[in-house]
Amino acid sequence: MENLEKPLNLIVSCAENRVMGRGGKLPWNIPEDRAWFLEKTCGQIVVLGRICYEIWPGAHEDGRRPIVITNSTIDPLPRHSMPAGAAAPCVVRSVREALQKAQELPGEVFVCGGARIFEETLPIAQRLYLTLVHAKVAGDALFPEWRHLAWRESYRKEGNDATHRLTFSILERQKK
């Protein structure tokens, strides 16, 4: 996936044991995390899998431009109500195709999941927007291990949720 001019950002909320999903949904409801996610992706390109798109009816809101990756040969996408003037999502078959398409659109590129897409893009990501929930939770979708990679933390803020302790971080890929 060479020739990417735009930096590749990943944005994820996961527990210390890397769980980020259970039954196709987040295993928690943390308003501060949701606000962080919506703020960072507002007006940007969001690359996501079909399941993520299906469970996020607001993918088109606030000027986001979704690129949906799916292998389905039938009409794979629900008909979300889109804001006036919003374009239909761009549907592609691979991460490579999604990232190439993202180069043609205005805005930053944010990969929003799911697990397989994160696995393919983590090795080439320049930035990781990480909400780390300080707990071990049960789940069936894991974010790939990131801690062994060379990151520099450029931003850190402790969360203020009543039920979970969390940390918001922006990790920048270290140059080799």
Tell me, please, which residues at least two apart from E172 pass side chain to side chain donor-acceptor pair (under 3.5 Å). R127, S154
The side chain to side chain donor-acceptor pair (under 3.5 Å) partners of E97 (sequence neighbours excluded) come to none
Exactly one of E158, E153, K157 clears side chain to side chain donor-acceptor pair (under 3.5 Å) with T167, and that residue is E158
Report yes or no: do N9 and Q126 form a side-chain donor-acceptor pair below 3.5 Å? no
Please tell me if the side chains of T131 and S169 come closer than 4.5 Å, counting only heavy atoms from C-beta onward. no
Less than 4.5 Å apart, any side-chain heavy atom of S13 and any of I30? no
Shortest non-hydrogen contact from [X] to [Y]?
{"X": "L142", "Y": "V19", "result": "CD2-CG2, 3.5 Å"}
{"X": "V133", "Y": "H164", "result": "CG1-CD2, 3.8 Å"}
{"X": "V137", "Y": "P27", "result": "CG2-CG, 4.2 Å"}

Check: [X] side chain, [Y] main-chain N or O, donor-acceptor pair, under 3.5 Å:
{"X": "R173", "Y": "A150", "answer": "no"}
{"X": "R64", "Y": "L38", "answer": "yes"}
{"X": "E16", "Y": "R18", "answer": "no"}
{"X": "R22", "Y": "W28", "answer": "no"}
{"X": "D62", "Y": "G43", "answer": "no"}
{"X": "W151", "Y": "I170", "answer": "no"}

Could you note down all residue pairs passing ring-ring contact (aromatic ring centres under 6.0 Å, His included) where residues 95-119 supplies at least one of them, sequence neighbours left out? F110-Y129, F118-F143
Any chance you could lay out the side-chain contact (heavy atoms from CB on, under 4.5 Å) test for V91 and T70, step after step, and finish with the verdict? CA-CA 7 Å; V91 179; T70 182; 3.7 Å; yes
Paired with V95, the side chain to side chain contact (heavy atoms under 4.5 Å, CB included) test is passed by just one of I117, V47, I67, namely I117
Report, as yes or no, whether the 6.0 Å neighbourhood of atom CD1 on I51 holds more than 12 heavy atoms from other residues, nucleotides or ligands. no
Could you tell me the separation between the CG atom of N29 and the CG atom of L26, rounded to the nearest 0.5 Å? 8.5 Å
From CZ (R156) to CG (L171), nearest 0.5 Å: 9.0 Å
Determine the interplanar angle of the W36 and F168 rings, folded into 0 to 90°, and report it as parallel if under 30°, tilted if 30 to 60°, perpendicular if over 60°. tilted
Test side-chain contact (heavy atoms from CB on, under 4.5 Å) on V111 and I11 and set out the steps. CA-CA 6 Å; V111 173; I11 186 163; over 6 Å; no
Between E104 and K101 (salt bridge meaning N to carboxylate O under 4.0 Å), is one present in this structure? yes
Answer yes or no: is there an ion pair linking E145 with R147, defined by an N-O contact shorter than 4.0 Å? yes
